[in-house]
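So the structure is just underneath, and the comments pick up after that.
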Amino acid sequence: MIYLKDIQKSFNRQPVLKGINLKIGKGEVVTILGPSGSGKTTLLRCLNFLEKPDEGIVQVGDIQVKSKKATKREILSLRRQSAMVFQHYNLFAHKTVLENVMEGLIVTKKYKKAEAKRESELLLEKVGLGDKHKHFPSQLSGGQQQRVGIARALALNPEVILFDEPTSALDPELVGEVLSVIKAIALEGITMVIVTHEMSFAKEVSDRVLFMDGGVIVEEGSPLEIFNAPKEERTRQFLNRISRDFSVPFLEERAN
């Protein structure tokens, strides 16, 4: 489904990704954890060439792109395989909630307006915003805006959805509503790659967890392996520093 080979990326001659190799299966939910500056968001952006890797191969579905030889057509084809949900929503301020979701259907998928409207209304119902069609982003809470962003991503019917810290810009009381929507999507079998600092959420929703630091994948494994018995000292240090009181009922249930 997703295949990365030797992905390297530097900014101002400072290496950020140092040869990432990764395979993600169809329907798999993978979360990426790590401290600030570890390269996790850059890796996510390299998956759809929002950042062009300096070296390596990116493949999503049947589309494979070699970084050094990538053409505009290849990059566009690769991007059409995925949709991204950003930290700060990236909604069109001058468009209504409904128009924001319709935009991709009309521009990218060439839907007729009436068809795009029907599909967008269904998606807004799905994320709990069926009564907000005519609202503008400024009239919504941060959690509601992020749910519009998720509906917009779903509208493209992508092979994979990429989430870049989808709750980091939210007030704490709004985090749960967004995470609930993402959990529901995960149950539908959509491939997802999620950069997050929400440890409990990562434990609950993930099939596999990656821990990154210094531009490399330090460790990867199931939620049980990473959160309950990490093998690498750096992983243990990170988890101990950010949270010392994980509860694990979901993990115990999942393991049975």
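This structure is a prediction, so every number in the text was calculated from the model and none was measured.
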### 4.5 Å side-chain heavy-atom contact, Leu91 and Arg152
yes
### Message
Keeping Lys110 on the side-chain end and Val107 on the backbone end, is there a donor-acceptor pair under 3.5 Å?
### Response
yes
### Salt bridge present between Lys126 and Glu188 (N-O < 4.0 angstrom)
yes
### Task
Check step by step if side chain to side chain contact (heavy atoms under 4.5 Å, CB included) holds for Phe11 and Thr42.
CA-CA 10 Å; Phe11 294 106; Thr42 300; 4.0 Å; yes
### Task
Please say whether more than 12 non-hydrogen atoms of neighbouring residues, nucleotides or ligands are located less than 6.0 Å from NZ in Lys183.
yes
### Task
Kindly say whether Ser10 contributes a backbone atom to a donor-acceptor pair with the side chain of Asp54 at under 3.5 angstrom?
yes
### Summary
Heavy atoms of Gly215 and Ile20 approach each other most closely as O-CD1, 3.5 Å
### Query
For the residue pair Leu105 and Ala116, what are the closest heavy atoms and their distance?
CD1-O, 3.7 Å
### Query
What's the shortest heavy-atom distance between Asn21 and Lys5, and which atoms?
OD1-CA, 3.3 Å
#### Entry: Heavy-atom side-chain contact between Phe92 and Glu103 under 4.5 Å
yes
### Task
List the steps, then state whether side chain to side chain contact (heavy atoms under 4.5 Å, CB included) holds for Leu22 with Leu210.
CA-CA 10 Å; Leu22 180 63; Leu210 311 181; 3.9 Å; yes
### Query
If we only count heavy atoms from C-beta on, is the Lys132 to Val148 side-chain gap below 4.5 Å?
no
### Message
Checking the side chain of Ser82 only, and the main-chain atoms of Val160 only, is there a donor and an acceptor separated by less than 3.5 Å?
### Response
no
### Query
How far apart are the closest heavy atoms of Pro137 and Ala93, and which atoms are they?
CD-O, 3.9 Å
### Query
Is there a path from Met1 to Ile63 through hydrophobic residues (I, L, V, M, F, W, Y) whose side chains come within less than 4.5 Å of each other?
yes
### Message
Nearest 0.5 Å, please: how far is CG in Leu17 from CD in Gln8?
### Response
9.0 Å
### Test log, rule salt bridge (Lys or Arg N to Asp or Glu O under 4.0 Å), inputs Glu177 and Arg147
CA-CA 8 Å; Glu177 65 186 61; Arg147 282 187 279 158; 2.9 Å; yes
### Query
To the nearest 0.5 Å, what is the distance between CG (Leu123) and CD (Glu125)?
10.5 Å
#### Entry: Leu50 CG to Asn48 CG distance, which is reported to the nearest 0.5 Å
4.0 Å
### Query
Any donor and acceptor pair, going by atom type alone, linking the side chain of Lys18 with main-chain N or O of Gly214 inside 3.5 Å?
yes
### Task
Check Val58 against Cys46 and note the closest heavy-atom contact, atom names and distance.
CG2-O, 3.8 Å
#### Entry: Same apolar cluster: Val101 and Tyr111, side chain cutoff 4.5 Å
no
### Query
Does a sphere of radius 6.0 Å around NZ in Lys52 hold more than 12 heavy atoms from other residues, nucleotides or ligands, not counting ones at 6.0 Å or beyond?
yes
### Message
Quick check: do Val178 and Ile150 have side-chain heavy atoms less than 4.5 Å from each other?
### Response
yes
### Query
Same cluster or not: are Ile226 and Ile217 linked, directly or through other Ile, Leu, Val, Met, Phe, Trp or Tyr residues, by side-chain heavy atoms under 4.5 angstrom apart?
no
### Side chain to side chain, Pro35 and Phe211, heavy atoms closer than 4.5 Å
yes
### Message
Under 3.5 Å, is there a donor on one side chain and an acceptor on the other for Ser168 and Gln87?
### Response
yes
### Summary
Smallest heavy-atom separation, Pro223 atom then Asp207 atom, equals CD-O, 3.7 Å
### Task
Determine, stepwise, if the pair Val85 / Gln146 fulfils side chain to side chain contact (heavy atoms under 4.5 Å, CB included).
CA-CA 8 Å; Val85 177; Gln146 191 60 290; 3.2 Å; yes
### Task
Would you give the length of the straight line joining atom CD of Glu99 to atom NZ of Lys117, rounded to the nearest 0.5 angstrom?
10.5 Å
### Task
Look at Glu159 together with Lys26 and state whether they make a salt bridge at an N to O cut-off of under 4.0 Å.
yes
### Task
Tell me whether Phe49 is reachable from Leu4 by hopping between hydrophobic residues (I, L, V, M, F, W, Y) whose side-chain heavy atoms are closer than 4.5 Å.
yes
### Message
Salt bridge check, Arg118 against Glu115: does any charged N sit closer than 4.0 Å to a carboxylate O?
### Response
no
### Message
Test your reading of the model: is there a side-chain donor-acceptor pair from Gln64 to the backbone of Leu78, 3.5 Å cut-off?
### Response
no
#### Entry: Sub-4.5 Å side-chain heavy-atom contact between Glu219 and Phe238
no
### Message
Using only atom types and a distance under 3.5 Å, with no angle test, would you say the side chain of Arg208 pairs donor to acceptor with the backbone of Val29?
### Response
no
### Task
Go through Val195 and Leu162 one step at a time and tell me if the side chain to side chain contact (heavy atoms under 4.5 Å, CB included) criterion holds.
CA-CA 8 Å; Val195 171; Leu162 310 173; over 6 Å; no
### Task
Identify whether Ile2 and Ile57 are in the same connected component of the hydrophobic contact network (ILVMFWY, side-chain heavy atoms under 4.5 Å).
no
### Message
Please check this pair: side chain of Gln139 against backbone of Phe136, looking for a donor-acceptor N/O pair closer than 3.5 Å.
### Response
yes
### Query
Is there a side-chain contact between Thr167 and Ile182 (heavy atoms, below 4.5 Å)?
no
#### Entry: Inter-residue atom distance Ile32.CD1 - Glu165.CD, 0.5 Å rounding
10.5 Å
### Query
How about His135 and Leu129: do any of their side-chain heavy atoms sit closer than 4.5 Å?
no
### Query
Looking only at atom types and distance, does a side-chain atom of Asn100 sit under 3.5 Å from a main-chain N or O of Gly149, one as donor and one as acceptor?
no
### Query
Going from CG on Leu174 to CD on Gln145, what distance comes out if it is rounded to the nearest 0.5 angstrom?
10.5 Å
